[in-house]
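Here's the structure we're looking at; comments come further down.
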Amino acid sequence: DAGVIQSPRHEVTEMGQEVTLRCKPISGHNSLFWYRQTMMRGLELLIYFNNNVPIDDSGMPEDRFSAKMPNASFSTLKIQPSEPRDSAVYFCASTTSGGKTGYTFGSGTRLTVV
Amino acid sequence: QKEVEQNSGPLSVPEGAIASLNCTYSDRVSQSFFWYRQYSGKSPELIMSIYSNGDKEDGRFTAQLNKASQYVSLLIRDSQPSDSATYLCAVNPSGYALNFGKGTSLLVTP
């Protein structure tokens with residue numbers, strides 16, 4: 001079991017640039033979640049997918065954020081244009097049960113926008 | 001957004017003592033409850049889940065749930081310095097997504 005795989009681990013970018021974060025869920029997991037973690041706000045749900053379909057994107061901060069899941073083994077979170085306040089750790093998580101038995105997190109991507 | 005509240009700490013306990021971590025939640029329809037441990041710079045790791053009122057024990061960890069009081073707790077017996085981490089309470093009110101508290105920082109001193 002390779003776990004949930006996220007890339008890159010660290011990303012430093014300049015304000016205004018496009019940033020793409022990537023996630024490969026655990027094979028067989030049909031639910032995927034994107035969270036953002038900051039000291040001030042803790043873990044915030046951005047969006048989640050079930051069977052590759054976005055179920056709830058109400059946590060996406062604004063139109064600068066978008067997420068896709070073109071197939072069961074890959075998802076992206078894109079920020080365009082990036083702003084310094086987007087600096088955070090972004091986690092992807094997956095599960096088979098829609099969250100009822102908890103889920104497994106990836107290692108996260110630490111994003112710094114300067 | 002349904003709330004999950006935790007004391008941020010830090011909670012400091014001596015090695016070998018019992019650490020008690022507490023969490024309250026606002027959504028009465030919540031059915032699933034979890035404790036995650038997060039070491040500094042790492043991702044959250046699931047350590048306990050509980051679904052019905054009462055206690056659930058797993059090794060040195062005991063989760064306690066009281067749905068009438070909307071209260072979840074985690075007890076860590078014989079605390080070790082390696083238990084020093086942030087503990088996140090998570091609640092699944094319905095459907096798919098977990099709501100997380102901001103976490104309690106635990107420091108176990110030798």
Side-chain angles (χ1 to χ4, degrees), chain A residues 1 3-7 9-10 21 23 25-26 29-61 67 69 88-110, chain B residues 1-10 21 23-27 29-52 56 58 61 63 65 67 72 74 85-106:
Chain A
D1 183 354
V4 177
I5 300 173
Q6 291 187 247
S7 64
R9 289 296 306 274
H10 302 275
L21 311 182
C23 176
I26 291 173
H29 283 191
N30 64 340
S31 297
L32 182 142
F33 307 81
W34 283 99
Y35 280 84
R36 176 172 69 176
Q37 187 175 40
T38 60
M39 289 292 292
M40 288 295 296
R41 302 175 69 90
L43 269 169
E44 300 175 280
L45 177 68
L46 300 177
I47 186 171
Y48 68 88
F49 296 85
N50 190 53
N51 294 322
N52 312 338
V53 176
I55 302 300
D56 184 357
D57 65 355
S58 59
M60 297 286 260
M69 191 166 186
V89 180
Y90 291 79
F91 287 106
C92 176
S94 71
T95 187
T96 55
S97 58
K100 297 180 179 65
T101 57
Y103 34 76
T104 303
F105 282 84
S107 298
T109 295
R110 181 174 295 278
Chain B
Q1 176 79 356
K2 304 302 183 182
E3 293 187 353
V4 180
E5 299 288 344
Q6 296 182 256
N7 187 320
S8 63
L21 305 163
C23 169
T24 59
Y25 60 94
S26 62
D27 193 337
V29 302
S30 299
Q31 295 297 318
S32 307
F33 307 86
F34 308 91
W35 285 98
Y36 282 79
R37 178 176 62 199
Q38 187 175 25
Y39 292 113
S40 181
K42 302 296 185 182
S43 59
E45 173 193 10
L46 180 64
I47 56 172
M48 288 290 286
S49 59
I50 188 166
Y51 305 97
S52 56
K56 178 182 178 181
D58 184 359
F61 298 101
L65 173 62
K67 290 185 178 180
V72 193
L74 179 70
T86 296
Y87 289 80
L88 302 170
C89 174
V91 175
N92 186 341
S94 62
Y96 297 96
L98 295 182
N99 292 331
F100 284 83
K102 292 183 179 180
T104 298
S105 176
L106 173 66

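Here is how names work: the chains are called A, B, and so on, in the same order as the sequence lines, proteins then strands, and each is numbered from 1.
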Would you give the length of the straight line joining atom [atom1] of [X] to atom [atom2] of [Y], rounded to the nearest 0.5 angstrom?
{"X": "Tyr103(A)", "Y": "Asn92(B)", "atom1": "OH", "atom2": "CG", "result": "7.5 Å"}
{"X": "Gln37(A)", "Y": "Leu88(B)", "atom1": "CD", "atom2": "CG", "result": "6.5 Å"}
{"X": "Lys102(B)", "Y": "Leu43(A)", "atom1": "NZ", "atom2": "CG", "result": "11.5 Å"}

(message) Restricting to side-chain contact (heavy atoms from CB on, under 4.5 Å), what partner residues turn up for Pro10(B), sequence neighbours left out?
(response)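 Counting only residues at least two positions away or on another chain, Pro10(B) forms a side-chain contact (heavy atoms from CB on, under 4.5 Å) with Ser105(B).
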(message) Less than 4.5 Å apart, side chain to side chain, heavy atoms only: is that true for Pro44(B) and Tyr35(A)?
(response)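 Side chain of Pro44(B) against side chain of Tyr35(A), heavy atoms only: no contact under 4.5 Å found.
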(message) Quick check: closest heavy atoms across Ala97(B) and Phe33(A), and the distance to 0.1 Å?
(response)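 Nearest heavy atoms, Ala97(B) then Phe33(A): CA-CE2, 3.8 Å.
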Could you tell me which portion of [X] (side chain, backbone, both or neither) has an atom closer than 4.5 angstrom to a non-hydrogen atom of chain B?
{"X": "Met39(A)", "result": "neither"}
{"X": "Phe105(A)", "result": "both"}
{"X": "Glu44(A)", "result": "neither"}

(message) Need one label for Gln38(B): side chain, backbone, both or neither, based on atoms under 4.5 Å from any heavy atom in chain A.
(response)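 Answer is side chain: those atoms of Gln38(B) sit under 4.5 Å from chain A.
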(request) Select one option (side chain, backbone, both, neither) describing which atoms of Phe33(B) are under 4.5 Å from chain A's heavy atoms. (result)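 Neither part.
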(request) Mark yes or no for whether Tyr36(B), through its side chain, and Gly102(A), through its backbone, hold a donor-acceptor pair below 3.5 Å. (result)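 Answer holds: no.
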